[in-house]
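As structure tokens, the structure follows; a few thoughts come after it.
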2 protein chains.
Amino acid sequence: MPQTKASDVTADAMACCAPLTEAPLSEAEAVELARVMAALADPVRLRLLSLVASAPEVCSCELEGPLAKSQPTVSHHTKVLAEAGLITGERRGRWTWWHVNPEALVAIARALGA
Amino acid sequence: MPQTKASDVTADAMACCAPLTEAPLSEAEAVELARVMAALADPVRLRLLSLVASAPEVCSCELEGPLAKSQPTVSHHTKVLAEAGLITGERRGRWTWWHVNPEALVAIARALGA
DNA sequence: TGATAGCATTTACATATATCGATATTTCTA
DNA sequence: TAGAAATATCGATATATGTAAATGCTATCA
């Protein structure tokens, strides 16, 4: 399960780094931010994120169609986004419902100094 | 030379896409945004960008030291960032001076809906 | 309890990329 | 024009990653 706990969310660690435009990033800050950016550096994941973010919650089974990807591939991408702290999965019965994590998006924008 | 003209800057094409959180991204929008994100998905490039963004302008020769990378590697990364529209290179004499492109950072933040 | 549905994991493979040595190109200077 | 300096490009290699088939796991239902 990609049921990432809040303590695992890398976006939290990233939220503390100062904006890019104010001071050079440390090695550790850069590695952490790069990990989150890498989660966003794939067209399928961006579309997946936008599908989740545009609705209150989305089931995994509602993603395979629009994304035109296999079930294992969709599962892989949701896991990557969840580990980056961008979405959160909640299992209810046989379905996993996904929610966007708005704070993570704000943290990225802040890290970019924009 | 990575002297990218304004017409080549992918951030321009990206600036027109609606925020992630409002509507699902189209395939083309996702590909374009992913290309810019990929440029930010590397620790060395993030530190390079922060070095450039934290100063009015930075010479390539001032990057090898802080980044602890070889000259070809630094040249490669500046090219990637320039092609993504995040920085602009201006050649004056034997030196290339790099500037951040603030509009590109704002466009990313807007695309993320944050 | 057996069968089915939804999702996660493993495994394998093709592609992409970060890195650097060697070399080419451009520009300044003597 | 020759030589040096700064940067860009090429070639090679190791690593990372997107993708899906095969398989495992858990919850629901007859």
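Here is how names work: the chains are called A, B, and so on, in the same order as the sequence lines, proteins then strands, and each is numbered from 1.
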Grab the [atom1]-[atom2] distance between [X] and [N] for me, whole Å please.
X	N	atom1	atom2	value
B:W97	C:dT27	CH2	P	17 Å
B:E90	D:dA6	CD	P	18 Å
A:R94	D:dA27	CZ	P	11 Å
B:L81	D:dA8	CG	P	12 Å
A:D42	D:dA16	CG	C1'	13 Å
A:H77	C:dT9	NE2	C1'	15 Å
B:W95	C:dT26	CH2	P	18 Å

**OP:** Could you tell me whether A:R45 contacts a base, only the sugar-phosphate backbone, or nothing, with contacts defined as non-hydrogen atoms closer than 4.0 Å?
**Re:**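 Sugar-phosphate only.
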
Original post:
Using a cut-off of 4.0 Å on non-hydrogen atoms, how would the nucleic acid contact of B:H76 be classed: base, sugar-phosphate, or nothing?
Top reply: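 Base: the residue B:H76, judged by heavy atoms under 4.0 Å, touches a nucleobase.
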
Subject >> B:E29 (side chain) donor-acceptor with B:S26 (main chain) under 3.5 angstrom >> reply: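 Indeed, once roles are kept as given, a pair shorter than 3.5 Å links the two residues.
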
Original post:
Any chance the side chains of B:T73 and B:S70 put a donor and an acceptor closer than 3.5 Å?
Top reply: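 Yes.
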
**OP:** Mind listing the closest non-hydrogen atom pair of B:A104 and B:G85 along with its distance?
**Re:**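 Nearest heavy atoms, B:A104 then B:G85: CB-O, 3.4 Å.
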
Subject >> Closest contact, heavy atoms only, A:C59 versus A:W95 >> reply: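 Looks like SG-CD1, 3.0 Å.
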
Please tabulate, one pair per line, all N/O donor-acceptor pairs under 3.5 Å involving side-chain atoms of residues 41-54 of chain B, not counting sequence neighbours.
unit_1	atom_1	unit_2	atom_2	d
B:D42	OD2	B:V44	N	2.9
B:D42	OD2	B:R45	N	3.1
B:R45	NE	B:A39	O	2.7
B:R45	NH1	B:H77	ND1	3.1
B:R45	NH2	B:A38	O	3.1
B:R47	NH1	A:E27	OE1	3.0
B:R47	NH2	B:P66	O	3.1
B:S50	OG	A:L25	N	3.0
B:S50	OG	B:L46	O	3.4
B:S50	OG	B:R47	O	2.8
B:S54	OG	A:L20	O	3.4
B:S54	OG	A:A23	N	3.4
B:S54	OG	B:S50	O	2.6

Original post:
When you match A:R92 and A:V80 each to their closest nucleotide on DNA chain D, which lands nearer the 5' end?
Top reply: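 Nearer the 5' end of the strand: A:V80.
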
Original post:
Hey, what do you get for CH2 (B:W98) to CZ (B:R91), rounding to the nearest 0.5 Å?
Top reply: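 So the gap between those two atoms works out to 9.5 Å.
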
Original post:
With a 4.0 Å cut-off, would you call A:R92 and A:E57 a salt bridge?
Top reply: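 Here A:R92 pairs with A:E57 in a salt bridge, since their nearest N and O are under 4.0 Å apart.
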
Original post:
For C:dC7, does either OP1 or OP2 sit under 4.0 Å from a side-chain N or O belonging to A:K79?
Top reply: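 So the side chain of A:K79 is outside the cut-off, no N or O lying under 4.0 Å from OP1 or OP2 of C:dC7.
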
Subject >> Contact list for DNA chain C against residues 57-74 of chain A - heavy-atom distance below 4.0 Å >> reply: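 Residues of residues 57-74 of chain A under 4.0 Å from DNA chain C: A:C59, A:S60, A:C61, A:Q71, A:P72.
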
